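Below is one structure, written out as structure tokens; the observations come after it.
Below, each value reflects all heavy atoms present in this structure, side chains not excepted, and no hydrogens, waters or symmetry copies. Bear in mind the structure is a predicted one, so any value in this text is a computation, not a measurement.
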Amino acid sequence: MNNRNWKRRDVLKTFGVASAGIGIAHPVIGKRTSNPELFQDPKYKNPDRPVECVVLGAGGRGNVYASYATKYPNEMKIVGVAEPIPYRREKFSEMYKIPKEHQWVTWEHALQIPKFADAMIITMPDNLHYQPAMDCLAMDYDLLLEKAIAQTWQECKDILDQTKKYDKIVAVCHVLRYTPYFRKMKEVADSGRLGDIVSIQHLEPVEHIHMSHSFVRGNWRNSNESTPMILSKSCHDTDILRWIIGKSCRKVSSFGSLKHFTKANAPEGSTPRCTDGCTHERNCIFSAIKLYKEKKEWLHHLALENYNDTTILNALKEGPYGKCVYHNDNNVVDNQVVNMEFDDQITVAFSMEAFSHYGGRRTRIFGTKGDLVGDENNMLITDFLTGKQESWEPGKAKKGSGHGGGDHGLVHDFVQAVSQQNPSLLTSTIDASMESHLIGFKAEESRLNGGEVLSIKLKS
Ligand SMILES: NC(=O)c1ccc[n+]([C@@H]2O[C@H](COP(=O)([O-])OP(=O)(O)OC[C@H]3O[C@@H](n4cnc5c(N)ncnc54)[C@H](O)[C@@H]3O)[C@@H](O)[C@H]2O)c1
């Protein structure tokens, strides 16, 4: 790995050991990863040196993934950053001791010098995934790529083709796959304990304030700027369902609408911004003043270096988060149902719902020998023959990092995959993530066509 032009996978191939997954460059073969909390599997090995990564977009996700390097410095090192917001770039650079010459304003700058790290972490807004991914791959970087992969199906296919062309590793940030909770669900489904899976009911309650923040006022409010809700929010769900079932989805049909957050529902006399003297503001569930200024919640996306009443109020007066939820340019749905038919007549009913006071996915798997009921905190598995029940909780492991431990679980596997040059150490490779994205694109097409039943053909 010291010679940047000599790829580790080439070395492995040359010595004919790639398929065995043996890292000849690892002096510690057989030793487990230094991350002992979640993973105790001999296929994980201590890297001989930290995998060097550059973060493109040091916002919420960029910081979460980079924080793995703080916790496990012998596994991962952050060696560059591109971030246009100065205080974010500066804080990030300081935190990871990034030299001045590797601090950039925008992602293009990071690609103007020859390859100098192992991987790029693409955590920029959805409309900045496609071109950066294509260019990074062409420069021989492995990628940790945030979902949605890209804004259109064609772009997703282009990135997959580029991945193959340059023979690179691309991990899509389907973090739920890496949570102890969903790993357990997958293990139960694969074990045969439930018999054959007949159907699944899956609910994604977004929680009404989260909806207003991210999908009415925030970055994911308009599908032209990001992606439709079924991709921006629910590609995690189509992905987890496809993964748990382990079979292909063949047909999809969807209904849904933007029912509530529209101008038609604006109360008489409401103003474009909560700060404009709206007479309903004190009684409004979605008051920006109450949420951001008084409760000081959801402040990260306001991009303020210092949070205080004055800076927050100014941001509400000028920025997107002060806008009335009924007077906006949002177009993504606040409710959507998707019916899916998988191979072997397995049916799935999925619901995305904005109007709940709780978040956290609810899943019910119905099998011929048993069923499973889960809410991300607890999983109840019932055996029909014996009547025995197992109640399972992710417990401490869940708290390992955000998304129920999935954020660092993903980075752990990514670091292992890059270090060993073995994509099979990841479950959410781009190849494995394509079908769930296609389900999303087709579901949206169906919704826009009144629920038309559409076929899913991955190769099309
Ligand atoms: N996997 C998940 O569970 C999950 C959760 C939330 C968001 N996401 C996805 O992660 C991505 C980032 O979301 P976020 O919540 O971190 O957003 P964010 O706004 O907090 O971070 C994005 C960062 O990219 C920066 N940026 C914008 N233009 C740039 C450019 N030209 N060059 C370099 N940086 C640039 C922004 O200034 C910002 O700091 C999005 O694609 C989003 O859909 C995934």
Consider only side-chain N and O atoms of Asn328 and Asn330, and report whether a donor and an acceptor are under 3.5 Å apart.
-> no
Can you check whether Leu145 reaches His129 side chain to side chain, under 4.5 Å on heavy atoms?
-> yes
Short side-chain to backbone donor-acceptor contact, Ser93 and Ile98, under 3.5 Å = no
Between Gln421 and Asp142, does any side-chain donor sit less than 3.5 Å from a side-chain acceptor?
-> yes
Evaluation steps, side-chain contact (heavy atoms from CB on, under 4.5 Å), between Val172 and Thr429 | CA-CA 6 Å; Val172 179; Thr429 55; over 6 Å; no
Would a distance-only check, ignoring hydrogens and angles, find a side-chain to backbone donor-acceptor pair under 3.5 Å from Tyr141 to Cys53?
-> no
Check whether any side-chain N or O of Asp239 sits under 3.5 Å from a backbone N or O of Cys235 as a donor-acceptor pair, and report yes or no.
-> no
CG-CE distance between Leu160 and Met434, expressed to the nearest 0.5 angstrom | 4.5 Å
Does the pair Ser248 and Glu435 meet the rule for a side chain to side chain donor-acceptor pair (under 3.5 Å), with working shown?
-> CA-CA 8 Å; Ser248 284; Glu435 190 175 324; 3.2 Å; yes
Going by an N to O cut-off under 4.0 Å, is there a salt bridge joining Asp344 and Lys247?
-> yes
Does the distance from a Lys or Arg side-chain N to an Asp or Glu carboxylate O, for Asp431 and Lys164, drop under 4.0 Å?
-> yes
Any idea which heavy atoms bring Pro394 and Asn377 closest together, and the distance?
-> CD-O, 3.3 Å
Pairing of Arg250 and Glu341 as salt bridge, 4.0 angstrom limit = no
Heavy-atom nearest pair, Arg221 first then Gly218, reads NH1-O, 3.0 Å
How many angstroms lie between atom CD1 of Ile245 and atom CD1 of Ile240, to the nearest 0.5 angstrom?
-> 11.0 Å
Side-chain (Gln420) to main-chain (Asn422) donor-acceptor, under 3.5 angstrom = no
Heavy-atom side-chain proximity of Ser436 to His174 below 4.5 angstrom | yes
Given side-chain contact (heavy atoms from CB on, under 4.5 Å), test Phe182 with Arg177 step by step and report yes or no.
-> CA-CA 6 Å; Phe182 282 109; Arg177 289 191 185 214; over 6 Å; no
How many angstroms lie between CG in Asp371 and CD in Gln201, if you round to the nearest 0.5 Å?
-> 11.0 Å
Check the side chains of Gln389 and Thr382 for a donor-acceptor pair under 3.5 angstrom, ignoring hydrogens and angles.
-> yes
Taking side chain as C-beta onward, heavy atoms only, is Thr123 less than 4.5 Å from Val55?
-> yes
Nearest non-hydrogen partners of Asn63 and Ala58, listed with the distance | ND2-O, 3.0 Å
Going by an N to O cut-off under 4.0 Å, is there a salt bridge joining Asp407 and Arg61?
-> yes
With the side chain counted from C-beta on, respond yes when Ile285 and His208 share a heavy-atom pair under 4.5 Å apart, and no when they do not.
-> yes
Heavy atoms of other groups near Lys251 NZ, more than 12 under 6.0 Å | no
Distance only, no hydrogens: is a donor on one side chain within 3.5 Å (strictly under) of an acceptor on the other, for Asp158 and Gln154?
-> yes
Would you please say whether a donor-acceptor pair under 3.5 Å links the side chains of Gln336 and Ser254?
-> yes
For Glu204 and Ser234, does a side-chain donor sit closer than 3.5 Å to a side-chain acceptor?
-> yes
So, Asp375 and Arg361, do they make that salt bridge, N to O below 4.0 Å?
-> no
At what distance, to the nearest 0.5 angstrom, does CZ of Arg362 lie from OG of Ser351?
-> 13.0 Å
What do the steps show when you test Leu194 against Val188 for side-chain contact (heavy atoms from CB on, under 4.5 Å), and what is the final call?
-> CA-CA 7 Å; Leu194 304 177; Val188 172; 4.0 Å; yes
Relative to the ring of Phe286, is the ring of His260 parallel (under 30°), tilted (30 to 60°) or perpendicular (over 60°)?
-> tilted
Can you name the ring-ring contact (aromatic ring centres under 6.0 Å, His included) partners of Phe215, sequence neighbours left out?
-> His210
Could you check if a side-chain atom of Arg193 sits within less than 4.5 angstrom of a side-chain atom of Ile381, using non-hydrogen atoms only?
-> yes
Correct closest heavy-atom pair for Glu52 and Asp118 would be N-OD2, 2.7 Å
Could you tell me whether the side chains of Asn378 and Ser391 share a donor-acceptor contact shorter than 3.5 Å?
-> yes
Look up atom CZ in Phe441 and atom OG1 in Thr238, then write down how far apart they are to the nearest 0.5 Å.
-> 10.0 Å
Would you check if there is a donor-acceptor pair between the side chains of Thr106 and Glu108 at a distance under 3.5 Å?
-> yes
Passes side-chain contact (heavy atoms from CB on, under 4.5 Å), Phe355 versus Asn335? Steps please.
-> CA-CA 8 Å; Phe355 299 100; Asn335 70 99; 5.8 Å; no
Would a 4.5 Å heavy-atom cut-off, applied to side chains only, mark Val252 and Val338 as touching?
-> yes
Does one side chain, of Asn331 or Ser223, offer a donor that lies under 3.5 Å from an acceptor on the other?
-> yes
Other residues, nucleotides, ligands: >12 heavy atoms within 6.0 Å of Met134 CE = yes
Are Tyr68 and His408 an aromatic pair by the rule of ring centers under 6.0 Å?
-> yes
Scanning both residues in full, the closest heavy-atom pair of Leu438 with Leu458 reads CD2-CA, 3.8 Å
May I ask you to check whether His301 and Trp220 place their ring centers less than 6.0 Å from one another?
-> yes
When you look at NZ of Lys290, are more than 12 heavy atoms from neighbouring residues, nucleotides or ligands closer to it than 6.0 Å?
-> yes
For this output row, return yes or no: ring centroids of Phe414 and Tyr65 closer than 6.0 angstrom.
-> no
When you measure from the side chain of Asp334 to the backbone N and O of Lys259, does any donor-acceptor pair fall under 3.5 Å?
-> yes
Are the side chains of Tyr178 and Ser428 in touch, meaning some heavy atoms are under 4.5 Å apart?
-> yes
Search all heavy atoms of Thr368 against all heavy atoms of Val198 and return the closest pair with its distance.
-> CG2-CG2, 3.7 Å
Lys184/Asp190 salt bridge by N-O under 4.0 Å criterion = no
Donor-acceptor under 3.5 Å (Thr163 side chain, Ile159 main chain) | yes
Check whether the side chains of Asp135 and Gln131 place a donor and an acceptor atom closer than 3.5 Å, and report yes or no.
-> yes
Do side-chain atoms of Tyr96 reach the backbone of Ala69 as a donor and acceptor pair under 3.5 angstrom?
-> no
Mind checking the CZ-NE2 spacing from Arg364 to His202? Nearest 0.5 Å is all I need.
-> 13.0 Å
Looking at side-chain heavy atoms only, is the closest gap between Val81 and His102 below 4.5 Å?
-> no
List the steps and the verdict of salt bridge (charged side-chain N to carboxylate O under 4.0 Å, His left out) for Asp383 and Lys369.
-> CA-CA 6 Å; Asp383 182 312; Lys369 293 183 179 169; over 6 Å; no
